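Have a look at the structure below, then the notes.
Keep in mind it's a predicted model, so treat the numbers as computed, not measured.
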Amino acid sequence: MNPAARRRCLPLSALLLSPLAVGAEPSPTALPAVQVQAARVPGVDPFALPASLDTVWIDADRTGANAQLSEALGGVPGLLARDRQNFAQDTQLSIRGFGARSTFGVRGVRVLIDGVPATMPDGQGQLSHASLLGAERIEVLRGPFSALYGNSSGGVLQVWSAQGQAGDPWRLRVNAGADNTLSVGAQLRGAGKGIDYNVAANHFSTDGWRDHSRARRESLNARLGTELAGGRLELLLNALHAPNAQDPLGLTRAQVAADPRQATAVNTRKSVRQQQAGLRWTREAGAQRWQLMGYAGQRAVTQYLPIPPGPQANPLHAGGVIDLDGGYGGLDARWGWNGDLWGRPLDLVVGVNADRQRQHRTGYENFIGTTVGVRGRLRRDQIDIVQNVDQFAQAWWQWSPRWSLLAGVRHSTVRFESDDRYIVGRNPDDSGRRRYQATTPVAGVSFEASPQWRLHAAVGRGFETPTFNELGYRADGQAGLALDLAAARSRSLEVGSKWHAQDGRQLDVSLFRADTDDELAVASNTNGRSTYRSIGRTRRQGVELQYRQPLAEQLELQLAWTWLQAQVRSPYLACAASNCAVPDTVVAAGSRLPGVPRQQAYARLQWSPGDWQWALEAAGSSDVVVNDIATERAPGYALLNLGAGRSWRLQAGELRAFARIDNVLDQRYIGSVIVNDGNGRFFEPGPDRRASVGLQWSWR
């Protein structure tokens with residue numbers, strides 16, 4: 001199947017019912033058609049939709065450990081996924097500058113795994129339970145249409161595992177590399193007797209490149225499907241166990257220069273245990289289609305923070321150990337219809353979804369006597385509940401042979417409630433509640449300039465509430481939650497051009513702007529405690545470019561480039577010194593937002609002669625400001641990586657050996673940054689030259 005034919009097989013209603021479209025990346029390699037939850041809309045090519053979207057295909061020929069999603073996301077323009085060399089914290093993920101300020105986890109970007117939210121109702125998410133071993137593809141949506149996912153949707157990232165088919169191969173995979181890094185996994189995929197399955201289990205362990213960065217993870221992902229009541233029923237299972245991942249913390253500039261592998265931690269660590277299950281039922285009948293989904297899970301987190309005993313003498317301090325344990329779940333119902341309006345094709349979808357998280361949050365001193373790094377006295381005990389109820393509607397209409405309209409609206413209501421159970425001495429009752437709501441419309445038009453060339457424009461609104469972590473402390477130092485924090489509101493605009501040739505050549509260009517009011521930022525950072533406030537107006541604008549070029553039958557070039565200007569538009573006060581309690585320095589309009597590089601670039605040259613595969617990758621980033629007042633910055637860098645693999649087809653199956661060298665030129669660089677760190681430890685150094693080798697055995 002050639003790339004153009006493959007794109008025609010992708011359903012438009014994937015955008016409307018998902019509501020994320022599947023964006024096809026042309027490639028000389030034939031890839032399977034994707035049917036996402038809905039019937040096709042005949043004759044409509046999804047690449048013509050007015051949205052910036054990409055699909056990263058996860059094939060069996062990947063090199064490397066397959067331990068983090070960041071390994072697969074380098075070629076997506078506008079997306080920044082930084083490996084922190086710290087498995088106690090999640091991958092740093094931002095899209096067009098949204099989410100760049102997050103010091104842990106994922107903020108400002110919606111994440112879903114097989115359609116199940118990995119972002120909680122308050123906007124805080126994580127990637128740690130996503131599995132590259134079982135994944136078929138990763139979909140990335142950027143721009144105004146991201147707002148159709150509700151709260152904190154500066155961009156959307158979805159990981160999809162493949163539906164098992166009869167005759168699919170089973171796989172065993174092992175990869176070993178520097179720092180005693182080991183990844184061992186198995187995937188069982190297939191179908192028989194009315195059931196299809198895709199089950200992937202993985203063990204990962206490493207001593208870490210930096211001191212005090214040892215980690216271990218066991219994960220299980222499963223997708224099981226069958227026919228039921230005239231439709232398709234799928235069971236989605238996930239489990240993650242990551243005990244005592246050591247946290248080396250960030251370094252100052254002087255510490256990086258002296259020894260980038262050192263740690264500043266005193267037994268700081270984090271343990272995570274998560275189990276979740278989801279059920280999804282879909283049915284198509286004539287022009288109508290239905291989807292019902294429900295999910296539930298349990299997540300427990302224990303984290304030992306680097307807070308010294310002294311500050312914990314304050315009776316209002318919550319302690320240096322965080323213990324979170326709670327459940328979450330949600331429901332989603334959608335109905336779709338395709339027909340005609342005034343003789344032209346029309347596709348509609350309406351739906352409602354509700355999500356809820358209940359978390360028991362306790363805090364303890366992280367010392368007993370003179371021993372630091374152990375659980376001491378109770379200092380915090382509260383029940384936090386956050387829930388949302390959203391309604392949405394979307395429509396696609398091709399009002400003429402060359403013009404089409406895609407429009408939608410979502411109304412979201414997010415409620416926060418905290419019940420304080422630790423009312424001792426001078427520590428008062430910190431209970432409280434707050435409700436946020438917003439209506440976020442979005443619309444876009446697409447024009448077919450030629451069968452291979454599309455032009456589009458889109459506009460929309462979005463919003464982002466504070467998370468419970470940001471509501472946890474008031475900026476004025478008083479007890480209670482920061483319930484006066486407003487939700488950030490954004491207005492987005494995008495114009496773009498997509499050219500996809502029959503021979504696999506592709507050129508996509510997007511120009512975008514997003515203006516935000518009441519942007520959330522750090523107000524103070526003292527003794528390990530961060531408070532937040534709204535800083536006024538900001539702007540993110542830029543250009544994204546993606547190009548693919550088959551150079552020969554077995555040779556392909558891929559290029560991606562992003563220019564992004566992220567700036568403050570209204571002045572505000574920020575802290576100039578570490579452990580600052582009262583902002584004292586003006587951040588002028590026009591100042592750069594921290595954590596956002598002005599430019600990113602990526603190039604990949606792949607050569608696949610016969611049973612061999614060779615790949616040369618180059619990735620670069622310009623410098624990054626790390627604090628509001630721009631007194632510190634991480635310098636830009638450029639890295640070169642090499643990968644190679646060789647397959648042998650045997651009577652019993654296929655054996656593949658592969659190897660990879662990262663940072664071939666052994667460059668020193670800063671891999672990620674901790675924005676506005678209160679102790680001035682902004683920098684997380686990237687590793688020097690690293691090598692890994694692996695084997696994969698596949699059989700049917």
If every non-hydrogen atom of [X] is compared with every non-hydrogen atom of [Y], which pair is closest and at what distance?
X: G645; Y: R656; result: CA-NH2, 3.9 Å
X: G250; Y: Q255; result: O-OE1, 4.4 Å
X: V596; Y: V624; result: N-CG1, 3.8 Å
X: L132; Y: A72; result: CD2-CB, 4.2 Å
X: E71; Y: G64; result: OE1-C, 4.2 Å
X: A201; Y: L220; result: CB-CD1, 4.0 Å

From [atom1] ([X]) to [atom2] ([Y]), nearest 0.5 Å:
X: L127; Y: D90; atom1: CG; atom2: CG; value: 5.0 Å
X: Q275; Y: R299; atom1: CD; atom2: CZ; value: 10.5 Å
X: W697; Y: E654; atom1: CH2; atom2: CD; value: 8.5 Å
X: N198; Y: L188; atom1: CG; atom2: CG; value: 9.0 Å
X: D688; Y: L665; atom1: CG; atom2: CG; value: 12.5 Å
X: Q126; Y: S128; atom1: CD; atom2: OG; value: 5.5 Å

[X] side chain vs [Y] backbone, donor-acceptor pair below 3.5 Å:
X: Q246; Y: R214; result: yes
X: N238; Y: Q276; result: no
X: S94; Y: A100; result: no
X: S622; Y: R598; result: yes
X: H212; Y: L249; result: no
X: R253; Y: R633; result: yes
X: N663; Y: P687; result: yes
X: N175; Y: V693; result: yes
X: S131; Y: L133; result: yes
X: D623; Y: G636; result: no

[X] versus [Y]: any side-chain heavy-atom pair under 4.5 Å?
X: T252; Y: R681; answer: yes
X: W209; Y: P260; answer: yes
X: S510; Y: R96; answer: yes
X: L157; Y: L69; answer: yes
X: N469; Y: D122; answer: no
X: L507; Y: L545; answer: yes
X: Y149; Y: T119; answer: no
X: Q89; Y: Q303; answer: yes

Flag for [Y]-[X]: side-chain donor and acceptor within less than 3.5 Å:
X: R173; Y: Q696; value: yes
X: T206; Y: T181; value: yes
X: Q600; Y: Y602; value: no
X: S70; Y: D83; value: no
X: D325; Y: Q298; value: yes
X: Q565; Y: Q541; value: yes

Regarding [X] and [Y], does a basic nitrogen lie under 4.0 Å from an acidic carboxylate oxygen?
X: R142; Y: D54; answer: yes
X: R107; Y: E464; answer: yes
X: E519; Y: R540; answer: yes
X: R101; Y: D628; answer: yes
X: R269; Y: D247; answer: no
X: R137; Y: E139; answer: yes

Can you name the ring pair (Phe, Tyr, Trp, His ring centres under 6.0 Å) partners of F87, sequence neighbours left out?
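For F87, the residues satisfying ring pair (Phe, Tyr, Trp, His ring centres under 6.0 Å) (neighbours in sequence not counted) are F204.
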Yes or no on side chain to side chain contact (heavy atoms under 4.5 Å, CB included) for R210 and L251, after CA distance, side-chain angles and deciding distance?
CA-CA 11 Å; R210 292 181 59 195; L251 301 178; 3.4 Å; yes
Name of the residue among E684, Q85, R82 meeting side-chain hydrogen bond (donor to acceptor under 3.5 Å, both in side chains) with S672
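Exactly one candidate clears the test, E684.
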Show your working on side chain to side chain contact (heavy atoms under 4.5 Å, CB included) between W57 and T55 and close with a plain yes or no.
CA-CA 6 Å; W57 295 91; T55 295; 3.7 Å; yes
Check against side-chain hydrogen bond (donor to acceptor under 3.5 Å, both in side chains), D114 and S161:
CA-CA 6 Å; D114 279 329; S161 56; 2.7 Å; yes
Walk me through whether F512 and L564 qualify under side chain to side chain contact (heavy atoms under 4.5 Å, CB included).
CA-CA 9 Å; F512 60 89; L564 174 58; 3.7 Å; yes
Could you go through F658 and R62, starting from their C-alpha distance and side-chain angles, then the distance that decides it, and tell me whether this counts as side chain to side chain contact (heavy atoms under 4.5 Å, CB included)?
CA-CA 8 Å; F658 54 90; R62 291 190 54 80; over 6 Å; no
Residues in salt bridge (Lys or Arg N to Asp or Glu O under 4.0 Å) with D179, at least two apart?
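D179 satisfies salt bridge (Lys or Arg N to Asp or Glu O under 4.0 Å) with R261, R690 once adjacent residues are dropped.
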